[in-house]
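Since we're looking at a predicted model, the values are computed, not measured. Numbers here are sequence positions counted from 1. Ligands are counted one by one from 1 in listed order, and the atoms in each one are counted from 1 as well.
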Amino acid sequence: MAWDTTDTLGKGDVVSNESLANLLREERRFAPPADLAAGANVTAEAYEQAKADRLGFWAAQARRLTWAVEPTETLDWSNPPFAKWFADGKLNVAYNCVDRHVEAGLGDRVAIHFEGEPGDSRAITYAELKDEVSKAANALTALGVQKGDRVAVYMPMIPETAIAMLACARIGAAHSVVFGGFSADALATRIEDADAKVVITSDGGYRRGKPAALKPAVDDAVARVDRVEHVLVVRRTGQDVAWTEGRDVWWHELVEQQSAEHTPEAFDAEHPLFILYTSGTTGKPKGILHTSGGYLTQAAYTHHAVFDLKPETDVYWCTADVGWVTGHSYIVYGPLANGATQVMYEGTPDTPHQGRFWEIVQKYGVTILYTAPTAIRTFMKWGDDIPAKFDLSSLRILGSVGEPINPEAWIWYRKHIGADTCPIVDTWWQTETGAMMISPLPGVTETKPGSAQTPLPGISATVVDDEANEVPNGGGGYLVLTEPWPSMLRTIWGDDQRFIDTYWSRFEGKYFAGDGAKKDEDGDIWLLGRVDDVMLVSGHNISTTEVESALVSHPSVAEAAVVGAADETTGQAIVAFVILRGTAAESDDLVGELRNHVGATLGPIAKPKRILPVAELPKTRSGKIMRRLLRDVAENRQLGDVTTLTDSSVMELIQSKLPAAPSED
Ligand code: 6R9
């Protein structure tokens, strides 16, 4: 145990309403393995180069791509916050992800090892991918899709999803991928906002051992909007589907009859590549717009640098869904631009058994694994013995994304998945940033469990207080990005004003990420959760993440979600919902012990007033805990919008626990 239990408030930390209390101390350090450091793609020199000439650094990274017209301009920031990167360059994104590898003689290299949930598998080489993307591009053209149009993609995790995205990119149509778990309603809103003219979907996909239909939601959504001309349907499950003649087209009929020849056109670097909607906490979803040259430059560079990808030998696996930005940047664009061989898995981690992920790692000899803290905490809950049954010795680098990773989950990941040797790269970024921004480099950084640590080379990030002053080491506040970066969002689709208001108005000239953060004594950055979730207890801003991490550091706790609930004496009181590990039994004694453990770890101010053991936590479909709903429960309010929950019955279960819960202090 490395928590410094003497660190209580009032000793050393300057805490006010305006800054986040800095409660957690972490002393463990892990140096990069010597052989990895010796052969790393990117060394410490990159930080120096980027510091000396940030734009020159990015111009050099852009040259890792193949341009039809090389850019001579790097950044045009004459009209902030509207950036143009590499504006006079021209390229085709799909050509960069596919054709150029075939032209380089790598056509026989496997691009995608697809593993279906029922156990079917398919290997697709770069040469095959080129043919498939070309045919799909010809098919979209045959359906009347042109450069500048939008295409909605509502698909399971199958290779055709990546092929469809690349086909759009190839003909200069922007895709708008909508996660296959979203409702017809959510799909309709997104189709309408982007004004998509074609929807690509499938009959369904396999999930938890059963076919799950997708086409009915598309039929429902398309009936509510005007402009959709065609629905292109991949056959995956063989389920019965309703058919609208003239509108609906089978992929296997239309795409298969196309020529595999297709000449990619070069588009401007600032040509739209995709729109991806993020829900945010309120209001209608924001269509985050990404463009071509800058986005691909940073997606490819970060994938090469942060995963130290050796495309000849590595087998890379990102477990995200293509429907999220992680799937866009680190399944489709980054890895394919780098000529990687990757695994794509259709299903859930517990089908047909809780060792499925480790079975896949063993089967394909996965060397680089990129997953989310929510998955890691679930594996912790299921028990160490499950991964222990599989050969995971191929792994060399582990990544984390999506939420702050609690130090104990980090340690578990390293020990039980990474044989206590694999470096962990905790990568902070957002749909809006397009690619990784803050992360260790596996051959350079001495890692710290729980911290994303330092901005990547060429990235400028810091932590500021309410008045936009940079906080000193040891201080907490808001994460901001202080210089434009190549893969930054260009605007919110159709709403420039909202783009300005949401991200660029809180702090003059700086991008406001909406995350709380602190700098530790070494200047390393720790993410502390969304600013909306921060708790205000007796005048102190306390991070949900820190209290959750303290709870997860107790051997009986697998997962925790903490919220501030209105309280007459302290303003807000800390209420914690915890999932116990397999063997721990729920009791009043344990609850008391957990409260004391948090008090001892973070100081008495951070002791939760109530701790409620629960079986599940409410999560978004990308695995992020929805604290807003827990706050509703803790304050005995009517539940807010639950439509983005993975499983809405979770909330009923949690609510049913509440009246019986002991109220302490
Ligand atoms: C890539 C992705 C973005 C939000 C972000 C932050 C949280 C993501 C994180 C992290 C701490 C990390 N987040 N990675 N927090 N450490 N390594 O997840 O994009 O779905 O847009 O979410 O996720 O709160 O602001 P997106």
**Prompt:** Which atoms of ligand 1 are found less than 4.0 Å from any heavy atom of Thr326?
**Reply:** 1 (C)
**Message:** Counting only nitrogen or oxygen atoms and a 3.5 angstrom limit, does Thr431 reach ligand 1?
**Reply:** yes
**Item:** Ala606 versus Val547, closest heavy-atom pair with distance
**Value:** O-CG1, 4.1 Å
**Message:** Check for me whether Arg64 meets the cation-pi criterion with Tyr301, that is, NZ or CZ under 6.0 Å from the six-membered ring centre and within 45 degrees of the ring axis.
**Reply:** no
**Item:** Sub-4.0 Å atoms of ligand 1 with respect to non-hydrogen atoms of Asp426
**Value:** 12 (C), 16 (N), 17 (N)
**Asked** Strictly under 6.0 Å, is that where the ring centroids of His328 and His175 end up?
**Response** yes
**Prompt:** Taking distance alone, with no angle check, do Arg530 and ligand 1 share an N/O pair under 3.5 Å?
**Reply:** yes
**Request:** Check whether the ring centres of Phe357 and Phe379 lie less than 6.0 Å apart, and answer yes or no.
**Result:** yes
**Prompt:** What do you reckon, are the aromatic ring centroids of Phe499 and Phe82 less than 6.0 Å apart?
**Reply:** yes
**From Val401, Val325, Asp515 - option closest to atom 6 (C) of ligand 1 by heavy atom** = Asp515
**Message:** Any nitrogen or oxygen of Leu527 lying under 3.5 Å from a nitrogen or oxygen in ligand 1? Just yes or no.
**Reply:** no
**Asked** If every non-hydrogen atom of Leu481 is compared with every non-hydrogen atom of Met437, which pair is closest and at what distance?
**Response** CD1-CE, 3.7 Å
**Fill in**
heavy-atom search around atom 3 (C) of ligand 1 in the protein gives Trp429 O, 3.6 Å
**Message:** Nearest non-hydrogen contact with atom 11 (C) of ligand 1 belongs to which option: Pro404, Ala435, Ser451?
**Reply:** Pro404
**Asked** Is the closest heavy-atom distance from Trp324 to ligand 1 below 4.0 Å?
**Response** no
**Item:** Among Tyr511, Trp58, Trp85, the one residue meeting ring-ring contact (aromatic ring centres under 6.0 Å, His included) with Trp485
**Value:** Tyr511
**Request:** Output yes when the distance from some N or O of ligand 1 to some N or O of Thr278 is under 3.5 Å, and no in every other case.
**Result:** no
**Prompt:** Should the proximity of Thr427 to ligand 1, defined as any heavy atom under 4.0 Å, be assigned to the side chain, the backbone, both, or neither?
**Reply:** backbone
**Message:** Counting only heavy atoms, tell me which of Glu432, Glu403, Lys624, His328 gets closest to atom 23 (O) of ligand 1.
**Reply:** Lys624
**Request:** Output all residues satisfying side chain to side chain donor-acceptor pair (under 3.5 Å) with Asp193, sequence neighbours left out; order by chain, then residue number.
**Result:** Tyr277, Lys284
**Prompt:** Quick one: nearest non-hydrogen protein atom to atom 14 (N) of ligand 1, plus distance?
**Reply:** Gly402 N, 3.1 Å
**Complete:** Heavy-atom closest pair (Ile405 atom, Ile376 atom, distance to 0.1 Å) is CD1-CD1, 3.8 Å
**Asked** Can you find an N/O atom of Ser622 closer than 3.5 Å to an N/O atom of ligand 1?
**Response** no
